[in-house]
Structures are given as C-alpha cells and as structure tokens.
Amino acid sequence: MTVASYARDAGGGPGETEPRRADVKKERRDWRQFVGFVPAAILFGVFFIAPLCLIVVYSFWITKNYELIPDFTTANYKTILTTGTYVRTFGKTVLIALLATVAALALAFPFCYWLVRYVPKRLQRVGLLLVILPFWTSYLLRVYAWVAILGDKGAINSMLKALGLTKDPIRLFLYDNPGVFIVLVYLYFPFAALTLYASLERFDWRLLHAAVDLGATPMRAIANTLLPQMRLALVTAGIFVFIPILGEYLAPSAIGGTHGVMMGNLVANFFSGYLLPLGSAASVLIAMVITIVLIVFRRSLDTKEIYV
Amino acid sequence: MSRISEVKLSRRSFVGGALMLGAASPFLLSACGKAEEAGGGGGSGGGGGTVNWLTWSDHYSQDQLAKVADTTKITGQPKLFSDNADALLQIKQTGSQFDQVSGDALWVKKYMDEGLIEPFDLAEIKSSSQLFPMATKFEFLNDPKGALGYPFSWSTVQIYYNPDKVKTPPTSWESLTDPMYKGLIVAENIPTDLMAIAGIATGAKGSPYAQTPDQISSSSGFLNALKPNVVKLASQNNEIVTMMASGEAAIGISNLGTDVRVKDAGGPELKSAYPPEGTIGFIDSEMIVAKGANKALVKPFLDAMQQSEWIVANFTTNWRPLFNQKAAEALTADPKTADNAKRLFMTDPDKALQMTLKGPAQDQQAYTEAFNKVFGA
C-alpha cells in the first residue's frame with residue numbers, strides 16, 4: 001500500500017476524493033513495489049515458516065524405538081490436552097506470562113511517564129540507556145545473576161547476615177514460582193519500557209492540560225486522553241513481553257527448580273528424550289495461544305483507529 | 001571525489017543491492033565458517049583443523065584444549081549435552097556437523113545399530129597403550145569391525161549428603177522420599193536415569209531400563225514421593241557440585257568424587273551413602289561420528305587428549321575414576337593424591353563391571369512421559 005492510498009483510506013489527504021479506477025489498476029499491476037520484501041520473505045520463509053511447518057507435521061507423527069515414524073495421529077495433542085500435569089503446566093505458563101506482562105507494563109508505564117514528563121530531554125537518554133544496559137550482557141548471565149542475588153550465599157543473604165538480621169540463609173523466592181515471576185519481569189521490562197517511551201514521547205501533552213482545564217480530574221484526564229492514544233503502544237508492549245515468556249525455558253530452569261517448571265521445560269524434556277512429536281504438539285499449542293492473542297488484539301494493532 | 005551524502009541511490013539500485021546482499025549472505029557466512037574451521041591449521045587434509053565434539057563438561061578442560069591445539073593444530077570445539085538420548089538425537093539430525101561424541105556404556109551399541117558411529121582400530125591411537133587392558137575388552141565397546149569407543153571414565157551414582165544440614169542420614173533410595181528431606185535434594189535432569197533409579201528403588205525385576213508398564217507406574221509413584229524433596233534438577237553434574245558447595249542443596253544424587261569436588265569448591269565435608277537396593281553407573285567413551293566432516297582428525301586428537309598427564313589433571317579436578325593405568329600409577333605414586341586415587345577406585349577398574357550400566361530405555365516414550373508427568377506443574 002502506498003502512502004497516498006493509506007492517506008485516502010484514513011480519510012485524509014488534502015483534496016482527495018474517491019481513488020480513480022486507473023490508479024487502482026496501476027497499483028495492482030505494480031508488483032515491483034513488493035520486490036523489497038523478497039529478502040525478508042526468503043529469510044522469514046526459510047527460517048520461520050519452514051521450521052514451523054515441520055513442527056506441525058511432526059506433531060502428527062509418532063516415535064518408536066528412537067525412530068520418527070510418519071503417520072497421521074492426533075494422539076499427541078490428546079495426550080497433552082488430557083494429561084493433568086501437562087494441562088496444569090500449560091495453564092500455569094499462560095498465567096505466569098499474563099501476570100509478568102501486566103507487572104512489566106505496570107512498572108514501565110509510570111517509569112516512562114516520569115521520564116518523558118519530568119526529566120530533561122538530555123537526561124532522558126541516560127534513563128533509556130539505563131533501561132537497555134542489561135542488554136549489553138548475555139541473557140544467560142542476566143538469569144544466572146539472579147541465582148547469585150537470591151541464593152543462599154547471594155547478595156541478599158550475605159547482607160542480612162552481615163547486618164546480624166539472620167543467622168542462617170533464608171530462601172527468598174529461589175527455586176519456586178515467585179522467583180521465576182520476578183526474573184521474567186526483570187528480563188522483559190526493557191521491552192515494555194522502550195515501546196511505551198516511544199509512544200509517550202510523541203504524545204501532545206496539551207491535550208492533557210486541556211482536559212484538566214475543562215474540569216477533568218488528573219486521573220480522568222489520563223484515562224480519557226492519554227490511554228486511548230497509548231493503546232497501540234500498550235498492546236504492542238504487551239505482545240512483546242507476553243509472547244516470548246510463553247516459550248521461556250532458561251529462567252524457569254535456572255530459577256524455578258522443580259516447582260517453577262513451565263511449558264518450555266517440558267518441551268525441552270520431550271525433545272531431549274527423543275519425543276519429537278509430543279514436543280512438537282506442545283509447541284504448536286503454544287503457537288496457537290500466541291495466534292489467538294494476536295487475533296484478539298488485531299483491532300488494537302490497527303493504527304488508523306487510534307486517532308478516530 | 002564525491003561525498004557520501006551526494007551519492008544518489010535509486011529505488012532500482014537499492015533493491016538490486018539488497019537482493020544481491022541477501023543472496024550473497026549465505027555464501028559469506030559459509031565462507032566465514034570454513035575460514036574459522038581452517039584456522040586451526042588448514043583443514044583436515046593439512047593435519048590440523050577443528051574437531052566438533054558433543055560431550056560432557058567433565059571430559060576436558062579449557063587449558064587442555066588450548067595446549068592440545070598448540071601441539072597438534074587440532075582445536076577441540078566442545079558442545080555440551082546432559083542426556084544420552086539428547087546426544088543421540090543431535091548426532092542423528094546434524095549429519096556431518098559433529099566429528100566426535102561421548103556416550104555412556106550401552107548407548108554406544110545404540111549408536112552403532114543406528115549407523116551413527118564408525119568402528120576404529122584402537123591400537124592406532126597410541127595413548128590407548130596406557131589404558132588398563134580390561135578397559136579395551138568391554139563387550140559393548142567392541143564389534144567385529146573394530147573398537148566402537150575409546151574408554152574414558154566410569155562411576156556409580158550414589159547419595160552424597162551434608163551432615164551439618166542432614167541430621168538423619170539417608171540410607172537408601174527409598175529413604176530419600178522421607179518428608180524430612182523436603183527441598184534438600186539435587187539430581188541431574190536425566191529422565192531415563194532417574195526412572196531407572198526409581199525402578200531399582202521400587203524393586204523392579206530385570207533391567208531398570210526395560211521396565212514394564214506396571215513397573216513404570218511404580219517408578220512414577222516413587223518419583224512423585226521424591227519430588228517435594230527435590231529442590232532442582234541440574235542441567236550438568238557441575239551444577240550439583242555448585243549447589244552443594246553453596247549450601248543450596250544438602251543431598252546430591254551424584255557420581256563418585258562429588259565429596260572432593262564440593263570440598264575443592266569451598267563447600268562442606270560431605271558423606272556418602274551407597275543404596276542397598278543397588279544403583280546405576282556409567283562407563284563412558286569417545287566415539288567417532290560416521291558422517292563427521294573432520295572425523296580423520298579424531299584419532300590424533302584423542303591421542304593428544306588422552307595422555308596420562310591430562311588424565312591425572314582430569315582426575316584431580318573431577319575425582320571420578322578413569323581407565324588410564326599410567327595415570328592411576330602416577331596418582332598412587334604421589335602422596336597428595338594416593339589416598340583419593342585408591343578410595344575412588346582409580347586403581348580398581350574391575351569394580352566398574354559390578355554396576356548396572358546406563359543405557360537406552362526400552363520404551364523411551366513411556367519413560368520420558370512418566371517423568372514429565374511427575375515433574376510438570
């Protein structure tokens with residue numbers, strides 16, 4: 001779609017009326033405009049679509065004596081969907097992803113609001129730099145750093161011991177679900193913050209002042225003027241955080257112990273135990289949840305509706 | 001000379017350039033990869049290169065790899081795995097990417113049956129003359145076509161505990177399910193082996209790797225009772241040592257020598273308990289991958305890696321017995337290591353023949369599923 005046609009669709013563009021039939025025909029014929037997509041399409045097709053198709057195919061196959069046997073059976077899906085442990089693990093994974101997403105957004109929104117409204121422009125960059133600073137180290141290190149922070153000989157326990165508050169180490173959330181939750185929020189906070197900052201930075205704050213001048217309380221002004229225009233950013237940030245958490249493997253594995261297991265860990269066990277079809281079925285189900293989320297929020301991702 | 005800002009880029013040339021770059025990138029990446037492999041000394045044909053090695057973290061040290069690369073121009077490139085089933089799958093799926101793979105006891109036959117490894121003449125690897133003669137005759141490491149694996153190390157799997165934190169010592173596998181050990185146990189995340197231990201604990205008749213559905217059900221029951229006591233399933237054996245040294249776990253289901261490793265890591269003095277129900281154990285070896293692109297380098301690489309001085313260093317780091325007789329003699333001759341060498345069976349490799357050896361499960365699907373059902377949420 002060209003910029004001109006986009007403006008027409010949105011009802012904008014000075015002096016624009018109905019598009020001329022000849023223009024539309026010309027646009028349809030102009031395949032060259034899609035040539036730029038070819039490298040990305042090849043990359044996407046080879047490294048995403050093809051493996052995804054393979055996983056879907058595997059999910060209907062079976063394994064016997066360490067051999068993958070082509071078949072068509074829905075037994076793998078039935079096993080995942082009817083086994084109490086798998087259903088519970090699946091439900092828990094979605095719940096943790098949801099809670100961590102809400103928490104990351106709840107932390108990122110006031111942070112970005114404060115950064116944009118009250119911090120001078122030149123210092124905002126420093127604030128953003130601090131947000132992305134963890135990305136300079138490896139993901140693995142960031143996760144294992146939390147083992148050192150929460151562990152028996154970690155920073156918190158060492159401090160408590162040094163202050164004479166405890167004699168023996170106390171286990172603060174390590175090797176359980178709360179630890180996994182904290183680490184996930186920490187890991188994905190920057191994704192939420194960067195997305196929200198980009199949106200807040202462009203917001204016309206005079207709208208907020210106008211709403212207050214017209215008698216709205218500050219909270220109502222935020223709810224009625226700021227949040228509607230932030231909808232796209234909030235949904236995008238939510239998706240950026242929610243989707244990768246659904247497939248998380250390392251954080252629950254390193255921090256969660258035997259209590260903090262998520263679906264990614266079971267999938268890893270399936271794959272390492274040569275149960276590719278079961279692992280694939282579980283992966284497809286995770287992908288289906290992601291697809292459902294994207295379908296539910298597709299309207300919110302429509303940029304044209306935000307400023308209506 | 002024109003300034004870069006003055007260069008005009010038409011849409012056609014931009015798209016053309018992007019397409020060319022996109023098309024060329026796989027070749028560029030491939031060339032980079034080949035250059036990196038040849039960096040060791042000119043590829044497999046020139047006597048140097050890279051051996052891509054799927055292994056465990058206790059089969060080498062970085063120092064050893066660096067010194068071997070200096071002397072032989074062969075760089076060992078290790079990639080780690082935890083479960084034998086995982087390694088088998090990776091070798092099966094990657095074709096020529098790996099040249100050497102480590103495997104436990106009965107898994108070696110499985111590799112051979114699947115056509116994944118290549119038999120070789122053990123005598124062609126000079127360091128094999130340093131091995132205990134009995135180690136060259138293991139039935140599962142030999143085939144009419146030649147040796148299937150170069151014997152490396154062995155160990156039983158037993159219980160280690162920290163007496164400062166565990167007032168009533170565990171005495172058997174069954175005792176580990178006692179609620180007084182809640183959140184104290186760490187074990188390796190190897191579903192097949194934990195199911196085998198569960199089979200032994202519940203008195204399954206026959207091989208613990210060939211349990212019947214009823215026996216698998218009993219094993220699941222044992223693991224269910226054990227689960228509240230397990231604080232974490234470790235991805236590598238090193239993690240068990242770290243957790244026991246830091247005090248995050250007080251009981252470890254682990255290999256011989258864990259007590260010395262924990263002490264070396266600044267941890268507490270551990271005690272061991274050998275379960276009366278019996279246990280499993282491993283005899284691991286190094287295999288040559290049949291499709292390995294640089295498999296010709298494996299023999300000289302193994303020769304350099306398996307020299308007794310490296311085996312001595314490996315023993316004094318990991319403290320589980322190895323099959324190198326020359327190293328065993330050196331260790332017993334040194335007063336600093338003699339006691340541990342004898343206590344940890346470095347001089348008594350025949351003990352390895354008394355274990356129930358690790359191997360593939362007869363019904364891998366049932367084993368992994370039963371394990372996952374227990375250790376899911």
Side-chain angles (χ1 to χ4, degrees), chain A residues 32-33 35-36 38-40 42-43 46 62-68 79 83-93 147-148 151-154 157 168-169 171 174-177 250 253-263 265-279, chain B residues 11-12 14-16 18-23 25-26 81-90 92-93 110 113-114 165 183 185-186 189-192 226-233 235 239 242-243 245-249 266 360-365 367-369 371-377:
Chain A
R32 284 171 300 180
Q33 65 191 315
V35 169
V38 172
I42 291 172
L43 198 75
V46 173
I62 54 170
T63 43
K64 214 169 189 179
N65 197 24
Y66 300 90
E67 283 291 343
L68 257 179
T79 303
T83 305
T85 315
Y86 301 152
V87 174
R88 275 196 302 278
T89 310
F90 203 87
K92 193 184 98 177
T93 303
V147 179
D152 284 4
K153 287 189 177 173
N157 274 313
D168 294 317
R171 191 151 288 169
L174 190 59
Y175 303 130
D176 213 336
N177 291 311
L250 188 65
S253 166
I255 309 288
T258 48
H259 300 287
V261 172
M262 285 171 65
M263 211 56 202
N265 304 94
L266 290 191
V267 170
N269 272 352
F270 283 136
F271 276 85
S272 64
Y274 217 98
L275 304 185
L276 298 182
L278 261 180
Chain B
R11 188 175 69 174
R12 181 185 289 268
F14 174 75
V15 169
L19 279 173
M20 280 170 66
L21 192 66
S25 55
F81 69 92
S82 59
D83 193 341
N84 283 285
D86 181 26
L88 184 89
L89 177 68
Q90 288 193 50
K92 221 172 168 177
Q93 293 194 320
K110 184 76 191 163
D113 292 345
E114 300 265 345
K165 292 196 171 184
I185 301 173
V186 60
N189 185 23
I190 307 178
T192 317
L226 184 71
K227 186 185 172 186
N229 297 348
V230 179
V231 61
K232 192 177 181 189
L233 293 171
S235 57
E239 209 176 341
T242 312
M243 286 184 71
S246 69
E248 284 165 8
Q362 204 171 61
D363 188 347
Q364 183 66 32
Q365 174 139 348
Y367 271 54
T368 309
E369 270 203 67
F371 178 87
N372 264 0
K373 280 177 191 170
V374 173
F375 284 99

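Just so you know, these numbers use all the heavy atoms, side chains as well, and skip hydrogens, waters and symmetry mates. Please read all numbers here as calculations on a predicted model, not as lab measurements. Within every chain, numbering begins at 1; the chains are lettered A, B, ... in the order of the sequence lines, protein sequences first and strands thereafter.
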Worksheet item: Is there a donor in the side chain of Q365(B) and an acceptor in the side chain of T63(A), or the other way round, less than 3.5 Å apart?
Response: yes
Discussion item. Can you tell me which portion of E369(B) sits under 4.5 Å from chain A's heavy atoms? Options are side chain, backbone, both or neither.
Written reply: both
Worksheet, complete the sentence: Counting heavy-atom pairs under 4.5 Å with chain B, the top scorer among G260(A), A254(A), A40(A) is A254(A)
Worksheet entry | chain B contact via T79(A) - side chain, backbone, both or neither, heavy atoms under 4.5 Å | side chain
Item to complete: Report yes if the side chains of K64(A) and Q364(B) come closer than 4.5 Å at any heavy-atom pair, otherwise no.
Response: no
Response to the item:
So, the part of N189(B) with a heavy atom under 4.5 Å from chain A: the answer is side chain
Worksheet item: Has the side chain of S272(A) got a donor or acceptor atom that lies under 3.5 Å from a matching backbone atom of D86(B)?
Response: no
Fill in: Under 4.5 Å from any heavy atom of chain B - which part of T83(A)
side chain
Response to the item:
Of all heavy-atom pairs linking G273(A) and A85(B), the shortest is CA-CB, 4.2 Å
Response to the item:
From the list F270(A), Y274(A), Y175(A), Y66(A), the residue making the most non-hydrogen contacts under 4.5 Å with chain B is Y66(A)
Worksheet item: Looking only at heavy atoms, which two atoms of N372(B) and Y86(A) are closest? And how far apart?
Response: CB-OH, 3.7 Å
Discussion item. Using heavy-atom distances under 4.5 Å, tell me whether L43(A) contacts chain B through its side chain, its backbone, both, or neither.
Written reply: neither
Worksheet item: With side chains defined as the heavy atoms from C-beta onward, is the minimum distance between E248(B) and L174(A) less than 4.5 Å?
Response: yes
Practice prompt. Give, as side chain, backbone, both or neither, the part of L266(A) having an atom under 4.5 angstrom from any heavy atom of chain B.
Written response: both
Discussion item. Shorter than 4.5 Å, heavy atoms on both sides: which option in N265(A), N269(A), I62(A) has the most such pairs with chain B?
Written reply: N269(A)
Worksheet item: When you measure from the side chain of T258(A) to the backbone N and O of V230(B), does any donor-acceptor pair fall under 3.5 Å?
Response: yes
Fill in: Whether over 12 other heavy atoms sit under 6.0 Å from Q362(B) CD
no
Fill in: From CG (L68(A)) to CD (Q93(B)), nearest 0.5 Å
7.5 Å
Discussion item. Out of E114(B), Q90(B), K92(B), return the one with the most heavy atom pairs under 4.5 angstrom to chain A.
Written reply: K92(B)
Worksheet item: Measuring heavy-atom distances to chain A, does F371(B) have an atom under 4.5 Å in its side chain, in its backbone, in both, or in neither?
Response: side chain
